[in-house]
Novice: 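Sharing a structure with you now.
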Amino acid sequence: MALLEVAELDVNYGPLAAVRGLSLELEESQVAVILGTNGAGKTTTLNAISGAVRARSGTVSFDGRNVTNSAPWKISRSGLGHVPEGRRIVGPLTVEENLLVGAYNVRSRGRRSELIDDVFDTFPMLAEKRDELGGLLSGGQQQMLALGRALMAEPRALLMDEPSMGLAPIMVQHVMDAVQTIAARGIAVLMVEQNATAAFRVATEVYLIEHGEVILHGPVDQVQNSELVRRSFLGI
Amino acid sequence: MSLLSIVDAQVRFGGVRAVDGVTISLERGNVHGLVGPNGSGKTTLVNAISGFARLHDGSVTLNDEQISGMRPDQIFTRGISRTFQSIRLLSTLTVRENILIGTDRARAEGDGRGAGKLLPRDAVNDRVDHAVALLGLEKFAGDFPSQLPYGLQRRVEIARSVASRPELILLDEPFAGMSRAERDELSDVLIEIADDGFTLLVIEHDMRIIHKICSHLFVMNFGRCIAEGSPRETAELEIVQEAYLGKQHGTA
Amino acid sequence: MSGYFVDAMILGSIYALFTVGLSLSWGILGVLNLAHGSIFMAGALSAYMITSAGALPLAVVLPASMLVSGGLVVLMELVAFRPIRRRAANPLAAELPMAIASVGVSSVLVAFANNFTAGYSLSLPQDMFTVSSINILGLTITNIGALIVVFAIGLTVALGLYVARSRQGRALKVIAQDSYVGGLLGISMNRLALGTMFISGALAGCGGVLFSIHVNSMHAYMGEALLLKAFAVIVVGGIGSIWGAAIGAYVLAAAEVLAVVSVGVGMRDVVAFVLIIVILLARPQGLLSKRKWQRS
Amino acid sequence: APGADGGAPAEGASSLTIPLVFDATGAAGPFASEALRGAQLAITEVNEAGGIDGTLIEPVVTDSGSDPQQAAAAMNRAVRDNAPVVLYGSGSNMALAMAPIAQQASTPLIAVQSGAPGLLENGEYVYRSTPQQVLFHELQAQYLAEQGVERVAVLYNSDNETYNELGSEGYAAFGEEYGFSVESEGIMTADSDVSTVTSLLLESEPDAFVMLLQSNNNTVPERLRQLGFEGIIAGSISIGVPTLTAMGDLANGIVWPDTFAYDIECESGSAFVEAYEAEYGELPGSLGASGYDGARMMIEGMRNAPSLDAEGIQQGLQTVLESGFDEAATCEVWFDEERNPHSPARLLQWQDGAFSTIATE
Amino acid sequence: MISWLAYYDDVIGHMFVLMILAFSMYVVMRVGVFSVASIGFWAIAGYGAAIADQYDVPPLLIVGGALLVSGVFGLLLALLAVRLSGLSLTMVTIAFVLLLQVIVLNWEDVTGGSLGIFGLPVHIGTYGLLAVVIVVAVLLALYERGRTGRAQDSLLHDEQLAQSVGIDIRRQRIVALTLSALLGGLAGCLNVFQTGMMVSNEVGFHVVVDALTMVILGGTAAWYGPVIGAAILAWLPQMLSFADEWRLAVQGVIIVVVLVFAPQGAAGLIQRLARGVAAKRRSSLLKRREPQDVSA
Ligand SMILES: Nc1ncnc2c1ncn2[C@@H]1O[C@H](COP(=O)(O)OP(=O)(O)OP(=O)(O)O)[C@@H](O)[C@H]1O
Ligand SMILES: Nc1ncnc2c1ncn2[C@@H]1O[C@H](COP(=O)(O)OP(=O)(O)OP(=O)(O)O)[C@@H](O)[C@H]1O
Ligand SMILES: CC(C)C[C@H](N)C(=O)O
Ligand SMILES: [Mg+2]
Ligand SMILES: [Mg+2]
C-alpha cells in the first residue's frame, strides 16, 4: 500500500470547484511532480492533503490512516511536511529559530542541533545568516529557509509548492539534487513545479492537472513525449 | 542621454553590504535584465531606485534630476513604478481597483517634475482597461485577489505597475510561479510595452526569458555589478557561469 | 525613606503581576484583553467566595482562585476571541474587535461582582492569612508584601524564560504571525492559545488575591485603575516583552511613589500618562525595542 | 404612546405616576440603590394606607447610570410626561444636571443626598431632602478636639463634590475653630493603592486620621495598622455597617457622624427600621434612611398640595419647607432660610461588631 | 410616530452627536491611524464651548472658535504624532485623553472640576443636528468615493504599497488627523449645545471605549459604518432598560455576539455580502472557460 493515497478528492471555494475527483498515490522514495497552469488547482490540492483547506469529499490517507480533514497540525505530526506557496517565513524569528520551530515535534535538543547542522550543510548561505531575522532575507534565501524548515521535522513525506520559485539557476540544480538525496533516504516527495525541465531530472511520476482534474498521469519518460506537456511546459 | 544613472550606489544593513558600489545606467526604451545569485542585491538595488532603501553613498539620477533621497511616493510621481518580489495586493479591493490604485496618482504627461495635475478620471480608466486587457485579466476584474491563484495575482501586480504608464518600470521576478507557456505569453506583453517606448528593468532567473526580452543585461554578485552587456555575450562569461548559472547550464 | 522604597517594590510587583499576563496575550496572540482588570477582580472575588464556604489556608485558596481566573480567560478565548480570530480577514484586523469584545465580557463580570457584593467593599477573612510585619535586610515589610514581591519576581522570571527558551515559546511567536504555517509545522494554534490565555488569567488572578489581602479590600471595580496603569507599563517595556513589562512595572511604581512624595498626590496619575507620551515620542518602540523585521 | 416607562396611568384615575430617577448603577450605584430601597418603602407604606386622599403613587424607576446626561434625559422625559414631581438620588453631578430642567419646566425635583453647594441656587422648584454632610461633621470635629487631638490628617475623594468641599475646606475651617492643625490630601475614588499617600499623611504625625471616602474605607485602616498608627480613625456616612463588620478587629474604635443609625430612638425612626428589615431582610443604613426621607418629603408635599399636579405639589412643598416634617427615618427634618434640610446628628463609634452613640448634637 | 419622535427627542439628538464623534474616529481609523485623540478634542471643544456659553458668546462664534482651536491643535498633534505607528499612537492619544481628564478634574475654577458646568442654554435641536450629520456624511461619502477611498484602503492595509503608488502617507495621515480633530471638536461643541452641560464624565477612558465600540461595531469599511455604530450605542441603553442592574452585562453580551458574527462591523458585513454576490457571478464565468483557453 502506498504511503500517501489521495482518492476522488473534491475541494470547493464557495460555488467554485477548485479540485474535482483527483486521485494520486505516492510510494516511499518516490518523487512525483504536479504540473498545471495558473489556477489549475495545484496549491489547493497540496493544502487539502495537509488539512489546510477542507475537502468536500474524497479521502486522503497517509501511512494507512485516513487523515481526511484532520487538523493540519495533526497531519504534520504524523510525518507529512509541507513547504508552502510563497515561502511563509516567520519574519520576527531568526533563521535559526525558524529552523527550530520546524522541528517543533522533535523533542530531543541534541537531535535538533544535528538537524540544523544538516540544513546548514545543504544551504551554507543560511549558516551565514543564522542570527538574521527571517523577514530580512532575500527572496531566494527565504525559499531555502522554507525548505530547510520542512526538513527539520524529519518528515516521511514532503509536499513542496514550487520549490524553485525565486531561486537562481545554480540553486535550482542544488535544490533538485537535495530532493534526490532525501528521496534516496526513503522520503516521498510530491512537488508542484513550473520548472518542468528541472523537475523531470529528479521525478519519476508526473500528474498534469487542469481545472482541478488530472488530465494526464504517468512516468516521466512517457509524459515527456506528450504533445501537451512538450508545448506548455517544456517548450520543445 | 540615459534615462536613469546610478553612480557608485551603496546600501548597507549593519555589516551586510547589500549593494556595494554599483554604477550602471538604463537607456530609454530598452528592456534591461538584472540577474544574479540569491542574496546578491538585486531587490535591494530596485529598492534603492524606488526610494525604499536608503543609499549610504552614491546617487540615482532620473532625467538629470537626482532622485536618491526622495521618498518613494515622490519617486513614483516622477515616473518610476515597481512591483514587489512578494505579492502585495489589497484584499479589500477588487482586481480592477487594485490596478486602479497604481494609476490614481499618476500625473498628466509632459511635466516630469512631479508637479503635474492628476490624470483626469477618463484617462485613468482608459489606462487601466488597457492594462487589464494586456495582461488578460478581463474575466477577473471583479474578483478579489485572495480568490485568484498565485500566477494570476502576479499579473495583477504587474498590471498595477504598468497601468500608470511610467517612464521606467521595475519588475522584481514577474515570471515567478508561471508555467512556460504563461511566461512566453507574458514576455510578449513586456516586449509590447517596451515597443511603446517604455523602459524596463526586469529581475529574472529564467535565462531563456532574459535572452528573449532583454537587450541589455546586468549581472550582480555580492552587491556588485560583475558584468554587463548583451545577454548572449554576458551569459558566456566564465565568471557568470560559475557564480550564477552552474556548470551544466551553458545554454538555455 | 526606606518605607517608600518598600512601597514602590510592592506596588511595582503588583503592576508586574498584573501586566505580564496582559502583555503576553497582547504581544503574542494580539488579544488586548481589556477585561484583564475584571479578571484580576474575579481572582479576588473567587477567593472570597471560596473562603465563605469554609475556612481554608491561602495555600489552597490561591491556586483555586488562579484556576478560576485562568479558566475565565480560557472561556473568553473559546466564546469570543477564537471565533472572532477565525472570522476576521487577517490577524491584525481581529485585534480591535477582540479588544472591544473583551470590554463586553468585562461588563458582564463587573455586573456580576457588583450584584454579588451589592456594591460594597469586602474583605477576605483574616484566618486565611494573618498579616504581620517582618524584617528583611533592615527593611520592615509585611509578610503579604514580601509574598507579593516574591511571587511577582518568581513568576515573571519563570514565564520570561519559558517564552524565550522553550519550544512552546518559539511556537507562540509563529502562531502570532501566521497560523497557517503554524499548522503546517505541527503546532496546534488552539491549544497553545488556550494555554497562553490561561497563564495570563491565572497571573492576574494571583495578583488579585494577593492584592486584596494586602489592602484588606476587594470590590467590583478594583482592577479598572490598574488597567490604565498597565498601558504605561507596557509602553515603557515594549508590547509583548515579558522582561520589558517587568521593568516597566517597577519603573512606573518608583516614578509614582517619587511623584507623590516630592510633588503631590495629584501628580500621581499624571506620571503614568506623561511617561507614556514622553517615552513614545522619544522612542516609539518602547525602552526595550524589538528589531524591525519587515523589508520591501 | 411613549413607551413603557411613562405616560398614561395604568389603573384608572386614582393613581399618579411619579418618576424615581436613581443612580442604580455606575459610580454612585452602591449608595443610590440603597437609597432607592428606602424611597420605595415609603411609597409602599403610603399606598397601603390608602394613598394620598385615595390617589395611589405609582413609582417608575429610571437608572441614571451615574451619568449626568442620562439623568438629564430622564428629567426631560419626566417633563414631557407631565410628571407632577420627580424624586432623585443620590450624586450631586446628576442632580445639578437635572435641576435647570426642573426649574425651567416648573416641575418640582426633590434630591436625596446630592450635597453640592450650588444645587438649590437653581431655583425654588429644586429641593434637597437630606442634610449636607458638612452640617454634621462639625460634631466629629468637636469630638476630636475634646479628645485632645492636635494634628488631624484628612484623606478625601476629590472627585466627589461633597467630600471635596469637606476635605479641602470644611475640615480646615473646623481646625481653626477647634484648634487643631489639618493636613489633607485628595485622591480619586477609583484609586486602589493608598499606601504611599497614607505614609505621606502620617509624616506629620497626626493624632487623628479622617477618611472622607466613597471607597477604600477598609484599605486605609489596614494601611494605618501596618504603619503602626495608633490615633483616632474617623470616617463618614459612606463607611456603612456591612463594611465595618467585614473589617473585623480593624474597625474597632472607628468613629463617624451620622443622622441615622438603626438603633435610632424615635417612633418614626424605629418604625422605619422595622419595616425596612421586614421588607428587605436586612437592617437599613444611612442611605436607606435618606431615600426614605426623600420620599417622605415628597409625600408630605403631596398631602399639603391643593391639587396633585406640578403647581399644586410645588405649593405643598413650599409648606413643607416652613413646617418641616416628622414621620422621618431620621426622626425629624426641618429647613433653614437657605432651604437646606437639617436633622439631629450624632457621633457613632464601632466596637467589636456593633456601634454605639458617643455624642449627640 | 410624531409623538414617539418628540418623546425620544433627546436620545435621537444624542445619537446624531455620537454619529459625528464616530465620524471623527472613523476618518483616522480608515487610513490605519489608530488615534483616539478625537475624545480629547471632543472634551476640549466641549469645555471651551461651555465656558464661552457662560459668557453669552454667540453660538456660531463658539462653533467657529471650537473648529479653529481643534483644527490648530489637531494639526500640531498630527505633526508631533505622525511618526508613531499603530498602537504606539493609540497609547499616546489615550494618554492625552487621560491627561486632559486629570486637568479637568483639578482645574475646578474653570471646568467645574468633577461636577462640570450646568444650566447652559440649548442651542440646537434634533433637526439641526440631523442636518449637520447629513452634511458631514455626504461630504465623507463623496470624499471616499473612488480615488481617495482606494488610497485610504492602501494606507489601512499596506503602507509600503501605498508609497509605491505615489501616496504621501505622511501627508495623508496629517490630513486625516486634522480632519478628525475638526470633527471631534464639532461633536464636542454640539454635545454641549444639545444638552446644555459639560461634565467630567465626558472625558476619560470609558468615553474612549464607547467611541471605539461605535466604530468597531459599525466597521471602518465605509462611511455608513460609524452611522450604524453610533445608532446602536445610542439606543442600546434605551432598549435594555428592562434589564435593570444587569443592563451593562446584557449590553456586553450583545456587543460580543455582534463582533463574533461580524468582526469587521456592520459595514464590513454589508460589503462581504456584496462581495459574495460578486464571487458568484465570477464562478459562473470560470466554468465556461474552455481548456485551450488557458493553455494557449
Ligand atoms: N481562497 C480562495 N477563495 C476562492 N477561490 C480560490 C481561493 N484560492 C484559490 N481559489 C481558486 O481556486 C482555483 C485553484 O487555485 P490554486 O491556487 O489551487 O491554483 P494553482 O494551480 O496553485 O495556481 P498557481 O500556479 O497560480 O499557483 C483557482 O481558480 C483560484 O481562483
Ligand atoms: N532590510 C534588510 N536588513 C538586513 N539585511 C537585508 C535587508 N534587505 C536585504 N538584506 C540582505 O541583503 C542581501 C541582498 O538582498 P536582496 O534581497 O537584494 O537579494 P536579491 O538579489 O534580490 O536575492 P533573491 O534573488 O534571493 O531575491 C541579502 O543577504 C539580504 O539578506
Ligand atoms: C457618599 C455619598 C452618599 C455622597 C453623595 N454622593 C453626595 O454627593 O452627597
Ligand atoms: Mg499555486
Ligand atoms: Mg530579490
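Remember, predicted model here, so these are calculated numbers, not experimental data. The analysis underlying the following values was restricted to heavy atoms, covering all of them including side chains, and did not include hydrogens, waters or symmetry mates. A, B, ... follow the sequence lines: proteins, then strands. Residue 1 opens every chain.
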Novice: Applying side chain to side chain donor-acceptor pair (under 3.5 Å), can you list everything that pairs with D:T25, at least two apart in sequence or on another chain?
Specialist: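 Scan of D:T25 (side chain to side chain donor-acceptor pair (under 3.5 Å), adjacent residues dropped) gives D:D63.
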
Novice: Is the count of non-hydrogen atoms from other residues, nucleotides or ligands lying under 6.0 Å from D:Y280 atom OH greater than 12?
Specialist: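 Buried by this count: over 12 neighbours within 6.0 Å.
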
Novice: Hey, what do you get for CZ (D:R80) to OH (E:Y8), rounding to the nearest 0.5 Å?
Specialist: 10.5 Å

Novice: Who in residues 180-206 of chain E is close to chain D, using a strict under-4.5 Å heavy-atom cut-off?
Specialist: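 Expected list: E:N191, E:T195, E:M197, E:V199, E:N201, E:E202.
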
Novice: For D:M188, which atoms come within 4.5 Å of any heavy atom of chain E: side chain, backbone, both, or neither?
Specialist: side chain

Novice: Tell me, side chain or backbone of D:S66 under 4.5 Å from chain E's heavy atoms, or both, or neither?
Specialist: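 Just its backbone gets close to chain E.
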
Novice: Hey, could you give me the CG/CZ distance between D:N93 and E:F118, rounded to the nearest 0.5 Å?
Specialist: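 Between D:N93 CG and E:F118 CZ, I get 5.5 Å after rounding to 0.5 Å.
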
Novice: Can you tell me which portion of D:Q70 sits under 4.5 Å from chain E's heavy atoms? Options are side chain, backbone, both or neither.
Specialist: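 Side chain of D:Q70 only, per the 4.5 Å heavy-atom cut-off to chain E.
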
Novice: Below 4.5 Å from any heavy atom of chain E, which atoms of D:A73 appear? Answer side chain, backbone, both or neither.
Specialist: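 Interface part for D:A73: both.
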
Novice: Taking salt bridge (charged side-chain N to carboxylate O under 4.0 Å, His left out) as the test, write out the residues that go with D:D159, two or more places apart.
Specialist: none

Novice: Is the count of non-hydrogen atoms from other residues, nucleotides or ligands lying under 6.0 Å from D:Q132 atom CD greater than 12?
Specialist: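 Atom CD in D:Q132 is crowded, with more than 12 foreign heavy atoms closer than 6.0 Å.
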
Novice: Sequence neighbours left out, cut at 3.5 Å: what donor-acceptor pairs do the side chains of residues 102-110 of chain E make with other protein atoms?
Specialist:
unit_1	atom_1	unit_2	atom_2	d
E:N106	ND2	E:V102	O	2.9
E:E108	OE1	D:N164	ND2	3.4
E:E108	OE2	D:N164	ND2	2.9

Novice: Are the side chain of E:D10 and the backbone of D:N76 linked by a donor-acceptor contact shorter than 3.5 Å?
Specialist: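 Checked: no pair found.
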
Novice: How about E:S114 and D:N160: do any of their side-chain heavy atoms sit closer than 4.5 Å?
Specialist: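 No; the side chains remain at least 4.5 Å from each other.
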
Novice: Quick one, E:V122 with D:Q104, criterion side chain to side chain contact (heavy atoms under 4.5 Å, CB included). Give me CA distance, side-chain angles, the key distance, then yes/no.
Specialist: CA-CA 12 Å; E:V122 170; D:Q104 215 197 353; over 6 Å; no

